[in-house]
Amino acid sequence: MNVGAADMTLLAMALPFVAAGLAPYLVRLMGHRAAWVLALAPLSIFIHFIPYAGLVANGRHVTAGFDWVPSLDTRFEWFVDGLSLTFAFLVTGIGTLIVLYSGGYMKGHPQQGRFLSFILLFMGSMLGLVLSDDFLMLFVFWELTSVTSFLLIGFDHEREASRRAALQALVVTGAGGLGLLAGLLLIWNVTGVHSLSGLLQSNEVLRQSPYFLVALILVLCGAFTKSAQFPLHFWLPNAMEAPTPVSAYLHSATMVKAGVFLLMRLNPVFADTPAWHTILPIFGGMTLVFGALLSVRQSDLKQMLAYTTMSSLGLMVMMTGFGGEHAVAGAVLYLVAHALFKGALFMVAGIVDHEAGTREVTKLGGLLRAMPVTFAAALAAAVSMGGLPPAVGFLAKEEIYSSLWHLDPWSLTFLACAVIGNALMMAVGFVVALKPFLGKRPHALGDVHEAPFIMWVGPATLGALGIVAAIAAPFTHEIVSSPMVSAVLGRASEIDITLVPHIGPPLALSGLTIVVGIVTYLAIAPFRRAVGGVLRAIGWGPDRGFDQFVRGLVRFSHAVTDRLQPGSLEVYMTVTFVAIAAALLVPMVVFGELPSMPTWPTDVTFYELTVMAIGIIGLVAVLIAHDRLTAIVSLGVQGFAVALLFMLFGAPDLSFTQFMIEALSVVILALVMTRLRLAPSDHRPTGEKLSDAAIAIACGAGFMLYLMRVTEGSFDATLSDFFARYSKTIAHGHNIVNVIIVDFRGTDTLGEISVVMVTGLAILALIRIRATRTDVELGDNDPREQHDPREEGSHGKRTYAGVEAE
Amino acid sequence: MEALMAVVIGIFFAVSVYLMLSKHIIRILLGVTILGNAVNLLIFTAGRIVHAVPPIIGEGNDVPNRITANPLPQALILTAIVISFSFFAFLLVLAFRAYQELGTDDTDEMRIAEPENEPVPPLGY
């Protein structure tokens, strides 16, 4: 591969995002026909990857990339081998058909452009995910698929059910993604490699680490949530709230397989350990059986398919974890088969829904004559899903049975799981594919037509591929299955199963599966009632648990907020000042930084002491003043004392400013305060006064000790000396303070002036907004009229309520 | 000298904190004003105190010919005085308007932004 190929791959990975940006404009220009243009994007990516198939079939893999965040050792690097290439083909190939299908399905929808855009965004994320080599890149794309899935599930955001399903999917898969991130970082730390390709060659390092099990469990958190393993499966059926193209694409063919992809990718690293071969089959087996049982219970086409998807994912996880060449081969073949038939069946369900107006299987029937092509596609897909020849699903099932056929309790348990699961899935598959088309047509259905080409081309292609892939099995294996199995196993391996029947236990088991499947199909209605009854008897499920969790979270956070933010200014102030006092005093005490006991200064003069005393007297007068005017005047006293202190200690500029400001403050305060009807003085009860005083004294003492400590030390006069030396020589001013303000720190002063101006504007605005209501009277010297105080009280109350209601 | 000033400043801080812990907006405002003075004196004292010589360069000199007061804290405080005054004026008008609208200056009764017994937010999706 030369440099040009690397650039082309990067372009291919970026193309879906570009197309996503263009989609809304194209739809505005061309309507639903824009889908034809947009489908070119995934199609060209598909074509781009075709030459890689030859390389990969020869057992090679391709890595290339660019530096992304060098300081974090993170590269934007892709890794193309049998596994990622197959996924890339599935993502782009099915993606092409889905884009077309969306063009027909969402035709005329006002937000079709947005929808196509989301689909393409998801496609880009999924493609990035399967091609990622670097851990962080993998994580980023992993989360991107969660986010785009959230957007797509919640596409119909005006319905609460959609919003709930979207949020649920995001919470579950997002939380799992965080687990995955932790796991990857742990692996990075333990092994020192940060790329999948590097990890696959790192041999025993991770396995011998004491953190092996922790890393495994964290990675499984990510894989199991994404691939909807029991008991975290509940988001997947709910995700059927999304428009059907989304269900066909994300929730059957691609995204939900990301978890399986991750497990397969890491199989060479984790396999042959007891944990891997215990956890995976047990969770996978449970998911397989529960999913199949739950699917029987449903009567909505999409819900039935959703639960069988869960079941199939369980089967893949189980087979991946079961271990051995044939088990992995079975998982791989089943993965490919499932992507083809489940994508097709979902699209069929969407077509039926679109044309007949309902997805309730009990209300459907007899559509065969109206929709022959759709029926053919559905039948082909159902044959594959049921594991019947001549479809690729048959090959997968044979491979699975032959790998599980060992006469020990462990294998037989999972064999039983597989037979039950397959039989039920077969029944459900045929219910979806046959019931809407065969039998008598209900009158309520009205006039139904075949879907347009743009819609049936998808399911027809996928259904046909499922058959062709099985007939041309040697070619399929050479190009797709064998390289993929080799990649999953971490060593070269060949698959050779074909449609030619080979007599043996697997074939017998297939026969058993078919019999059980047919019985279930025929007795689907009572079966449905029975499972429904059991579920009703149980009542609680993880889905309801999610609601309880979310409600509990809201209530909890409300309680916490109520406690931390009670809405009382007094509480906020108290907390703030206690924190300030603690910040000042605690470090000084803890680190032994308290100042030494000061001695009485020798140079203090009588008049300096007097001015300080006047200031303190002013403060005390403010505190104990019984009416407002006294308090205001006392405030002036302390202010003037401060001005005098400045004057005495060589700061005439400060002194002048302080005098002016202080005078102005007193005047304004007197003007405003006397216009208000206010309680004259402090109303705090004694206990509160004491605690407030304690806090105040602690703060005061803190600042005092802090200042004493600071002034005890030596003084660095560098900066002051600089200003003294250059004020005259550089700035030509005699008054150093003025020079600093207008020259050296001129921009500070500009900022200061801006602050003053903004405050002035704000004040002006506040004064000029006339309240819409004028029934709050001004205070005792309001020139207009006098009011009875009792009446005023009721006025105040009413206004308060009025404002609150506005 | 600085230690003595530190005691005075401590009293300024204590009084202002005590006033700000009150429920009444007007007392809080008084506290804010005093806090401004306390902080200014703190900066002033931290720059050391000398007696009576303003930082002015005499006629005919390029640098001060004797030890002067530290000019840097003075420049900082000059800015601070003006800003704290405009801040004070803004708070005052805000309090005035709040009183006009709500008919109270008790912070416990000013609960429009954070009403009492706020109900649990909607539990749907």
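Naming: A, B, ... by sequence-line order, numbering from 1 per chain.
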If every non-hydrogen atom of A:H558 is compared with every non-hydrogen atom of B:P119, which pair is closest and at what distance? NE2-O, 3.5 Å
For A:Y572, is it the side chain, the backbone, both or neither that has a heavy atom under 4.5 Å from a heavy atom of chain B? side chain
Side chain, backbone, both or neither: which part of B:D106 has an atom under 4.5 Å from a heavy atom of chain A? neither
Chain B heavy atoms under 4.5 Å from A:L553: which part of the residue, side chain, backbone, both or neither? neither
Ranking B:I56, B:V8, B:N61 by heavy-atom pairs under 4.5 Å to chain A gives rank one to B:I56
Under 4.5 Å heavy-atom distance to chain B, tell me which part of A:P566 shows up: side chain, backbone, both or neither. backbone
Is A:H734 in contact with chain B via its backbone, its side chain, both, or neither, using a 4.5 Å heavy-atom distance? both
Student check: side-chain heavy atoms of B:T107 and A:S568 closer than 4.5 Å: no
If you count heavy-atom pairs within less than 4.5 Å of chain A, which of B:L72, B:L29, B:D62 leads? B:D62
Check each atom of A:V739 against the heavy atoms of chain B and say whether the ones under 4.5 Å are side chain, backbone, both or neither. neither
Note, A:I697 side chain near B:Y18 side chain (heavy atom, < 4.5 Å): no
Output for pair (A:M573 CE, B:I28 CD1), nearest 0.5 Å, gives 5.0 Å
Do you know which of A:M660, A:E570, A:R725, A:R745 has the most heavy-atom pairs with chain B at a distance under 4.5 angstrom? A:E570
Between A:I580, A:L669, A:T561, A:I695, who has the most heavy-atom pairs with chain B when the cutoff is under 4.5 Å? A:L669
Just wondering, do A:D692 and B:V17 contact through their side chains at under 4.5 Å, heavy atoms? no
Quick check for you: to the nearest 0.5 Å, what is the distance between B:I57 atom CD1 and A:I736 atom CD1? 4.5 Å
Which pair of non-hydrogen atoms, one from B:M5 and one from A:L645, has the smallest distance, and what is that distance? CE-CD1, 4.2 Å
Counting only heavy atoms closer than 4.5 Å, note whether B:T45 contacts chain A via side chain, backbone, both or neither. both
Partner chain B: residue of A:T599, A:I661, A:D748, A:T657 with the largest heavy-atom pair count (under 4.5 Å): A:I661
Side chain, backbone, both or neither of B:I77 within contact of chain A (heavy atoms, under 4.5 Å): both
What residue, out of B:S16, B:G36, B:G47, has the most heavy-atom pairs lying under 4.5 Å from chain A? B:G47
Starting at CD1 of A:I767, measure out to CD of B:Q100 and round the result to the nearest 0.5 Å. 9.5 Å
With a 4.5 Å cut-off on side-chain heavy atoms, are B:K23 and A:E688 touching? yes
When you check the gap from the basic side-chain N to the acidic O, do A:K728 and B:E59 get nearer than 4.0 Å? no
Residue part contacting chain B, namely of A:I740, when any heavy atom lies under 4.5 Å: side chain
Looking only at A:T605, A:T576, A:L569, A:N738, the option with the highest number of non-hydrogen pairs under 4.5 Å against chain B is A:L569
Does one side chain, of B:N40 or A:Q658, offer a donor that lies under 3.5 Å from an acceptor on the other? no
Pair count under 4.5 Å, heavy atoms only, with chain B: among A:G567, A:S727, A:P601, highest is A:G567
Between A:F646 and B:F44, what is the ring plane arrangement, given parallel below 30°, perpendicular above 60°, and tilted in between? perpendicular
Hey, what do you get for CG (A:L664) to CZ (B:F88), rounding to the nearest 0.5 Å? 9.0 Å
Contacting moiety of B:L94, where chain A heavy atoms sit under 4.5 Å: both
Turns out that what part of A:D547 lies under 4.5 Å from chain B's heavy atoms comes down to both
Heavy-atom proximity to chain B below 4.5 Å, by part of A:Q168: neither
Side chain to side chain contact (heavy atoms under 4.5 Å, CB included) with B:S86: of A:I763, A:V756, A:V758, only one passes, and it is A:V756
At what distance, to the nearest 0.5 angstrom, does CD of B:E2 lie from CD of A:E712? 10.5 Å
Separation between CG of B:L78 and CD of A:E752, rounded to the nearest 0.5 Å: 7.0 Å
Among the options A:P598, A:A166, A:A762, A:S665, pick out the one with the most heavy-atom pairs lying under 4.5 Å from chain B. A:S665
Pick one of side chain, backbone, both or neither for A:F723, based on which atoms fall under 4.5 Å of a heavy atom in chain B. side chain
Within 6.0 angstrom of A:Y706 OH, more than 12 heavy atoms from elsewhere: no
Cut-off 4.5 Å, heavy atoms of chain A, and the answer for B:L21 is both
Less than 4.5 Å to any heavy atom of chain A: does that hold for the side chain of B:A38, its backbone, both, or neither? neither
Go through the steps to decide whether B:F12 and A:V642 satisfy the test side-chain contact (heavy atoms from CB on, under 4.5 Å), and finish with yes or no. CA-CA 10 Å; B:F12 268 78; A:V642 172; 3.6 Å; yes
Would you mind checking which part of A:L654 comes under 4.5 Å of any heavy atom in chain B, side chain (CB onward), backbone (N, CA, C, O), both or neither? both
Grab the two heavy atoms, one from B:P71 and one from A:V737, that are nearest each other, plus how far apart they are. O-CG2, 3.9 Å
Contact summary for B:V7 and A:M704, nearest pair of heavy atoms: CA-SD, 3.7 Å
Less than 3.5 Å apart, any donor N or O on the side chain of B:N37 or A:Q638 sitting next to an acceptor on the other? yes
Compare every heavy atom of A:I668 with every heavy atom of B:F85, then report the nearest pair and how far apart it is. CZ-CD1, 4.0 Å
Indicate whether any N or O donor in one side chain lies under 3.5 Å from an N or O acceptor in the other, for A:S720 and B:N70. yes
To check you understand the geometry: which heavy-atom pair defines the closest contact between B:F13 and A:G700, and what is its length? CB-CA, 4.0 Å
Can you check whether A:G650's main-chain N or O pairs, donor with acceptor, with B:Q74's side chain at less than 3.5 Å? yes
Is atom CD1 of A:I730 surrounded by more than 12 heavy atoms (other residues, nucleotides or ligands) closer than 6.0 Å? yes
When the 4.5 angstrom heavy-atom criterion is applied to B:D108 and chain A, the contacting part is side chain
If one checks every heavy atom of A:L619 against chain B at 4.5 Å, the contacting part turns out to be both
